[in-house]
Amino acid sequence: KYIFLICHSFQLACLHWDVAKVTKRRSTSFGIFPIYKTKSGEKEVLFQDLNDPFYAVDSRDYQVVGPKEWKLDTLDGKVLCREKIRPHVPLERAVMAIRFSN
């Protein structure tokens with residue numbers, strides 16, 4: 001069986017499987033923003049026809065951060081995408097997509 005989770009359900013899944021933290025953002029993210037693929041995301045079949053970066057509508061007060069790579073490894077999971085690059089902001093880039101298993 002397959003499941004595709006976005007927004008709140010994605011955040012809840014990250015908490016349920018304990019693969020990352022969900023934290024309140026300093027300010028609401030709202031608009032159309034670039035999403036950058038990770039090395040694993042470049043190989044992801046769902047994203048293969050998308051540019052890097054690709055763009056998405058974003059409206060978040062909460063975010064997924066601090067992925068537990070060791071926990072993802074036990075699930076055969078991978079971080080696929082992260083939010084926009086902001087070199088002037090000393091904060092971790094939020095995780096925008098995870099494959100939880102193969």
Side-chain angles (χ1 to χ4, degrees):
K1 295 187 180 191
Y2 301 95
I3 186 168
F4 185 78
L5 305 164
I6 62 170
C7 302
H8 187 65
S9 58
F10 171 65
Q11 294 169 355
L12 289 176
C14 289
L15 291 174
H16 176 77
W17 283 295
D18 193 31
V19 296
K21 296 181 289 185
V22 176
T23 63
K24 186 157 178 60
R25 293 180 61 87
R26 274 186 173 171
S27 61
T28 299
S29 177
F30 182 78
I32 298 172
F33 295 107
I35 310 284
Y36 292 85
K37 298 177 194 178
T38 63
K39 289 191 186 303
S40 296
E42 291 171 359
K43 301 172 194 162
E44 174 58 43
V45 68
L46 291 173
F47 298 144
Q48 68 186 4
D49 293 330
L50 297 176
N51 293 330
D52 191 22
F54 61 93
Y55 292 82
V57 172
D58 192 3
S59 177
R60 290 177 293 141
D61 288 317
Y62 290 84
Q63 63 188 355
V64 174
V65 294
K68 299 176 183 176
E69 298 292 343
W70 65 270
K71 187 84 175 220
L72 286 168
D73 287 345
T74 65
L75 298 169
D76 202 19
K78 306 273 186 261
V79 172
L80 302 177
C81 299
R82 290 196 177 256
E83 72 177 340
K84 63 188 175 201
I85 298 169
R86 300 172 296 167
H88 59 286
V89 178
L91 298 172
E92 179 181 2
R93 291 167 58 210
V95 174
M96 303 300 283
I98 292 176
R99 174 171 282 284
F100 288 94
S101 67
N102 267 338

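Because only heavy atoms are used, hydrogens play no part in the values below, and waters and symmetry mates are left out as well, while side chains stay in.
- Going from atom CD1 of Ile35 over to atom CG of Leu80 covers 12.0 Å, rounded to the nearest 0.5 Å.
- With sequence neighbours excluded, the residues forming a salt bridge (charged side-chain N to carboxylate O under 4.0 Å, His left out) with Arg86 are Glu83, listed by chain and number.
- Counting non-hydrogen atoms of neighbouring residues, nucleotides and ligands closer than 6.0 angstrom, the CZ atom of Phe30 reaches no more than 12 such neighbours.
- For residues 46-58, every residue pair satisfying the salt bridge (Lys or Arg N to Asp or Glu O under 4.0 Å) rule, not counting sequence neighbours, is listed here: Asp58-Arg60.
- Remark: Thr28 engages Asp61 in a side chain to side chain donor-acceptor pair (under 3.5 Å) (not counting sequence neighbours).
- Both Leu15 and Leu5 are part of a single hydrophobic cluster, where members link through side-chain heavy atoms under 4.5 Å apart.
- In this structure, His16 NE2 and Gln11 CD are separated by 15.5 Å, a value rounded to the nearest 0.5 Å.
- Identified under the salt bridge (Lys or Arg N to Asp or Glu O under 4.0 Å) test for residues 87-102, with sequence neighbours left out: Glu44-Arg99, Arg82-Glu92.
- Residues that satisfy the ring pair (Phe, Tyr, Trp, His ring centres under 6.0 Å) test with Phe100, not counting sequence neighbours, are Trp17.
- Applying the 6.0 Å contact sphere to NZ of Lys39 captures no more than 12 heavy atoms from other residues, nucleotides or ligands.
- Counting only distance, with no hydrogens or angles, the side chain of Thr38 and the backbone of Val79 share a donor-acceptor pair below 3.5 Å.
- Environment of CG in Leu91: crowded, with over 12 heavy atoms of neighbouring residues, nucleotides or ligands closer than 6.0 Å.
- Taking Lys68 as the reference, Asp18 meet the salt bridge (charged side-chain N to carboxylate O under 4.0 Å, His left out) condition, with sequence neighbours excluded.
- For the pair Arg25 and Ser29, the tightest heavy-atom approach, listed with the atom from each and the gap, is NE-CB, 3.4 Å.
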